[in-house]
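Everything below concerns the one structure shown next.
Each chain gets a letter, A, B and so on, in the order the sequences are listed, and its residues count up from 1.
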Amino acid sequence: MADFDVNVRGVGSVNIIDLKGYLDAHTAPDLENAFNGLIEDQKFKVVVNFDDLNYISSAGLGVFMAYVETIRENKGDIKFSNMKENVYNIFDLLGFPMLYEFYPEENDAIKKFDELG
Amino acid sequence: MADKKHKFEKELVVKSSTDNLSSIRDFIRNLADNAEISSETTGKIILAVDEACTNVVKHAYKYSPEGEIKIKVKVAGNKFTITIIDEGAYFNPEQVPEPDIKEYHKQRRVGGLGMFLMKKLMDEVTYTSLPKRKNQVVMVKYF
């Protein structure tokens, strides 16, 4: 069984998605559910915290690509934080750094949302 | 330089379910460890195999879990070869042009990224159709 967990929590007006374990084609639907829930609740300021994520495949990256436009159309964003180097390298190979913001720490990403109001 | 004289072959057959991706990754990791491959290179091989098997589940078997995926690993010297065979519908992702990543993000297209990653991560990726309606992809990584 794939070891994966997704948890959503709020910090002020920002919503944090904590990812843990292995994000692949089998576990990506759990992350889609988390995004569906946030969009349903009109919560569009999203930080994805990768601190406990060990592995990602293109199925996982595809989830962000599938939701980012809807979220940005609603004046929100998906920002990434606390990514391990091996995970970042995959985002880099697929060109994410030109289109998404990456932060070393969750707080930096939250601050960025707060600055914009 | 370590003396790289490993030579062995192993095979794993699993049903075509994404549920099995984690055991496929464990299988590859163990063999890469036996071959004393660096953790960075092992990570690349594991992801490429995951992407190839995900493609088989999605495109060859269209998410039917009844199909079989055969994964053969051969290590000889500094060459790590993975052969993945399925008996699902014919598909050859090599015929799909390499994605323009910027366009992909714009169009929210997700398909094709796996193949793109496989080619980036491995030294050789070759798709072939075998007799009896089988698809085969052979991937090679030198270490």
Side-chain angles (χ1 to χ4, degrees), chain A residues 1-5 19-33 35-36 39 50 53-74 77-80 83-102, chain B residues 14-26 28-29 38-63 65 69 93 96 98-122:
Chain A
M1 283 295 288
D3 159 33
F4 178 70
D5 197 28
L19 300 182
K20 186 179 176 182
Y22 293 74
L23 178 53
D24 62 12
H26 191 64
T27 58
D30 293 348
L31 178 57
E32 287 173 0
N33 289 341
F35 274 106
N36 287 335
I39 289 169
F50 286 79
L53 194 85
N54 298 317
Y55 176 86
I56 192 162
S57 73
S58 69
L61 281 89
V63 176
F64 305 114
M65 292 167 73
Y67 288 94
V68 72
E69 198 170 316
T70 306
I71 284 182
R72 286 182 182 162
E73 277 167 3
N74 286 280
D77 195 18
I78 303 173
K79 301 184 194 298
F80 301 132
M83 210 176 268
K84 290 180 174 66
E85 195 186 348
N86 65 314
V87 172
Y88 176 79
N89 287 342
I90 308 308
F91 278 86
D92 193 25
L93 270 179
L94 292 179
F96 276 65
M98 2 178 229
L99 295 149
Y100 294 77
E101 294 171 15
F102 294 74
Chain B
V14 293
K15 290 286 180 193
S16 58
S17 162
T18 54
D19 206 6
N20 288 322
L21 288 172
S22 63
S23 39
I24 292 168
R25 292 193 298 264
D26 289 345
I28 299 294
R29 181 178 299 284
S38 75
S39 63
E40 192 189 340
T41 302
T42 298
K44 290 179 179 174
I45 297 172
I46 287 174
L47 179 54
V49 172
D50 177 322
E51 298 291 351
C53 292
T54 298
N55 277 345
V56 169
V57 172
K58 271 165 70 173
H59 302 297
Y61 291 119
K62 322 262 188 238
Y63 291 104
I69 309 175
V96 179
E98 192 160 297
D100 175 328
I101 290 298
K102 216 164 188 173
E103 278 303 308
Y104 251 58
H105 283 280
K106 254 192 227 162
Q107 297 170 9
R108 293 197 280 173
R109 284 176 59 191
V110 175
L113 293 182
M115 183 68 196
F116 178 83
L117 278 180
M118 286 157 63
K119 284 184 170 167
K120 288 269 180 200
L121 298 167
M122 301 299 282

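Contact annotation: the side chain of B:Leu21 never approaches that of A:Tyr22 to less than 4.5 Å [non-hydrogen atoms, C-beta and beyond]. Counting heavy atoms from C-beta outward, B:Leu117 and A:Leu93 have side chains that approach closer than 4.5 Å.
Only the side chain of A:Tyr55 comes within contact range of chain B, with heavy atoms under 4.5 Å apart. At a 4.5 Å heavy-atom cutoff, the contact between B:Leu121 and chain A is made by side-chain atoms alone.
Contact detail for A:Ile56 and B:Leu47: the closest heavy-atom pair is O-CD1, 3.6 Å.
Within the model, atoms CG of A:Asn89 and NZ of B:Lys120 stand 13.0 Å from one another, a figure rounded to the nearest 0.5 Å. Taken from CD1 in B:Ile46 to OG in A:Ser57, the straight-line distance is 12.5 Å, to the nearest 0.5 Å.
No option in B:Asp50, B:Thr18, B:Ile24 other than B:Asp50 meets the side chain to side chain contact (heavy atoms under 4.5 Å, CB included) test with A:Asp24.
Atom NZ of B:Lys15 sits in a crowded spot, with more than 12 heavy atoms from other residues, nucleotides or ligands closer than 6.0 Å.
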